[in-house]
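The structure appears right after this line, and notes come after that.
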Amino acid sequence: MTEIPTLDLNDGRAIPEIGLGTYAMTGDDGVEAIGAGIESGYRLLDTAVNYENEREVGRAIAESPIDRGDLFITSKIPGRHHGFDEAIASTEESLARLGLDYLDLHLIHWPNPSVGRYVDTWRGLIELRDRGLVKSIGVSNFTADMLTELIEKTGVTPAVNQVELHPYFPQTALVEFHRSIGVQTESWSPLYRDGGLFSEDPVTEAALTHGVEPAQVVLRWHVEIGSIPIPKSANPDRQRLNADIFGFSLTPAEVAAISGLERGRMKDRDPLTHEEM
């Protein structure tokens, strides 16, 4: 079992440096896969209302021998639940499905800028934190301007912003902005969505140098740039491999070469063209 180190968030709480994504892990197979991840050493489990598997995550937690206090459970408020009262109700429903008394981290899943209620939703999360139903609060898929607006209007800085981030879309400016204001970056889709990344020269060369798999190189790259990757795998062997990234380090030159894989077609795209419900 891999021992996963932690990072400190801006609210003083510690978060594991890698998590297990649970998207599409549903039914009995999903419970088994999530349980295998816990057994492999994952303590950060990432779910969401829209994943429709909070019950499965809750079952895996209940069936695990690991104490609840040693786990770090994240869920997310969907766009259709934006608003102060709606955010509170949504979170209470998530806790009921999970069978938990509190969430370690709760995120606004998407800003839904055309609706324009994410500040009210953020105020709801602040209230939930004050009540103890949520320990840490954050956002997902927010821009620098949106983060600034939340802070200016509420005085509360998100602990985390979870965004799409991988070597083809490294979001260097946003990661630097996060660092400047004390927000922890998390990466969804950290390995991208096709196998092409694993055959890129900087990745294969680093894998050969360090005697590891290309996926491990990419996940270690996330750690080196200061982001927490949330890879998804239901395969126990792959889960263990993905978590085993703390026994080696990449050189600055290797990190720079992998960051240099950024694709021009991704560089200038608008991350908010999708409205999440």
Distance-only donor-acceptor check, side chains [X] and [Y], under 3.5 Å:
| X | Y | result |
| --- | --- | --- |
| H210 | E254 | yes |
| H222 | S187 | yes |
| H82 | D120 | no |
| E54 | S75 | yes |
| H109 | S140 | no |

- Item | Worked check of side-chain contact (heavy atoms from CB on, under 4.5 Å) between E92 and I88 | CA-CA 6 Å; E92 291 172 341; I88 292 173; 3.8 Å; yes
- Item | V183 reachable from I77 in the ILVMFWY side-chain graph, under 4.5 Å edges |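 Yes, same cluster.
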- Task: Check the hydrophobic clustering (I, L, V, M, F, W, Y; side-chain heavy atoms under 4.5 Å; chains of links allowed) and say if I181 and I137 are grouped together.
- Result: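 Linked, I181 and I137 end up in one cluster.
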- Message: Parallel, tilted or perpendicular: which one describes the rings of W110 and W188, with boundaries at 30° and 60°?
- Response: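 Ring orientation, 0 to 90° scale: tilted.
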Do [X] and [Y] come close enough that some side-chain heavy atom pair is under 4.5 Å?
| X | Y | answer |
| --- | --- | --- |
| I38 | R43 | yes |
| T121 | F84 | no |
| L150 | V156 | no |
| V134 | T91 | yes |
| N161 | H178 | yes |
| I225 | E176 | no |

- Message: Check for me whether R263 meets the cation-pi criterion with Y168, that is, NZ or CZ under 6.0 Å from the six-membered ring centre and within 45 degrees of the ring axis.
- Response: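 Flagged: R263 positioned over aromatic ring of Y168.
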- Could R68 and Y102 be counted as a cation-pi pair, given that NZ or CZ must be under 6.0 Å from the ring centre and within 45° of the axis?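 Yes, cation above the ring, under 6.0 Å and within 45°.
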- Flag the pair Y118 / F142 as yes when their ring centroid distance falls below 6.0 Å, and as no otherwise.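 Between Y118 and F142, the centre distance is under 6.0 Å.
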Could you go through residues 12-24 and list every donor-acceptor pair under 3.5 Å that involves a side-chain atom there, pairing it with any protein atom two or more places apart or in another chain?
residue: R13; atom: NH1; partner: D104; partner atom: O; Å: 3.1
residue: R13; atom: NH1; partner: S136; partner atom: OG; Å: 3.2
residue: R13; atom: NH2; partner: D104; partner atom: OD1; Å: 3.2
residue: T22; atom: OG1; partner: D46; partner atom: O; Å: 2.7
residue: T22; atom: OG1; partner: N53; partner atom: ND2; Å: 3.2

Would you mind checking if [Y] and [X] are paired as a salt bridge, meaning a charged N to carboxylate O distance below 4.0 Å?
| X | Y | answer |
| --- | --- | --- |
| E224 | R220 | yes |
| R193 | E164 | yes |
| E86 | R80 | no |

- Just wondering, are more than 12 heavy atoms of other shown residues or ligands nearer than 6.0 Å to CG in D70?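 Yes - once you tally the heavy atoms of other residues, nucleotides and ligands closer than 6.0 Å, there are more than 12.
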- Task: Start with the C-alpha distance between T74 and H106, add both sets of side-chain angles, then the distance that settles side chain to side chain donor-acceptor pair (under 3.5 Å), and finish with yes or no.
- Result: CA-CA 6 Å; T74 300; H106 209 24; over 6 Å; no
- D28: what forms a salt bridge (charged side-chain N to carboxylate O under 4.0 Å, His left out) with it, not counting sequence neighbours?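 Counting only residues at least two positions away or on another chain, D28 forms a salt bridge (charged side-chain N to carboxylate O under 4.0 Å, His left out) with R59.
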- Message: For S233, run the side-chain contact (heavy atoms from CB on, under 4.5 Å) check against L241, L191, N242 and tell me which one passes.
- Response: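 By the side-chain contact (heavy atoms from CB on, under 4.5 Å) criterion, S233 pairs with just one of L241, L191, N242: N242.
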- Chi angles and distances behind the salt bridge (Lys or Arg N to Asp or Glu O under 4.0 Å) call for E127, R123: CA-CA 6 Å; E127 172 69 17; R123 290 193 173 103; over 6 Å; no
- Ignoring hydrogens and angles, tell me if any N or O in the side chain of D244 forms a donor-acceptor pair with the backbone of T2 under 3.5 Å.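 No, D244 side chain to T2 backbone: no donor-acceptor pair under 3.5 Å.
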- Message: Looking at T209 and E205, would you say the former's side chain and the latter's main chain have a donor-acceptor pair under 3.5 Å?
- Response: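 Yes; judged by distance alone, with no hydrogens or angles, the pair exists.
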- When rounded to the nearest 0.5 angstrom, what distance separates CD1 in I228 from CG in L44?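 Here the interatomic distance stands at 7.0 Å.
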- Message: Pair W221, S259 - check side chain to side chain donor-acceptor pair (under 3.5 Å), show working.
- Response: CA-CA 8 Å; W221 171 84; S259 298; 2.9 Å; yes
- Stepwise, does the side-chain contact (heavy atoms from CB on, under 4.5 Å) test hold for I108 with R117? CA-CA 11 Å; I108 301 174; R117 302 187 71 192; over 6 Å; no
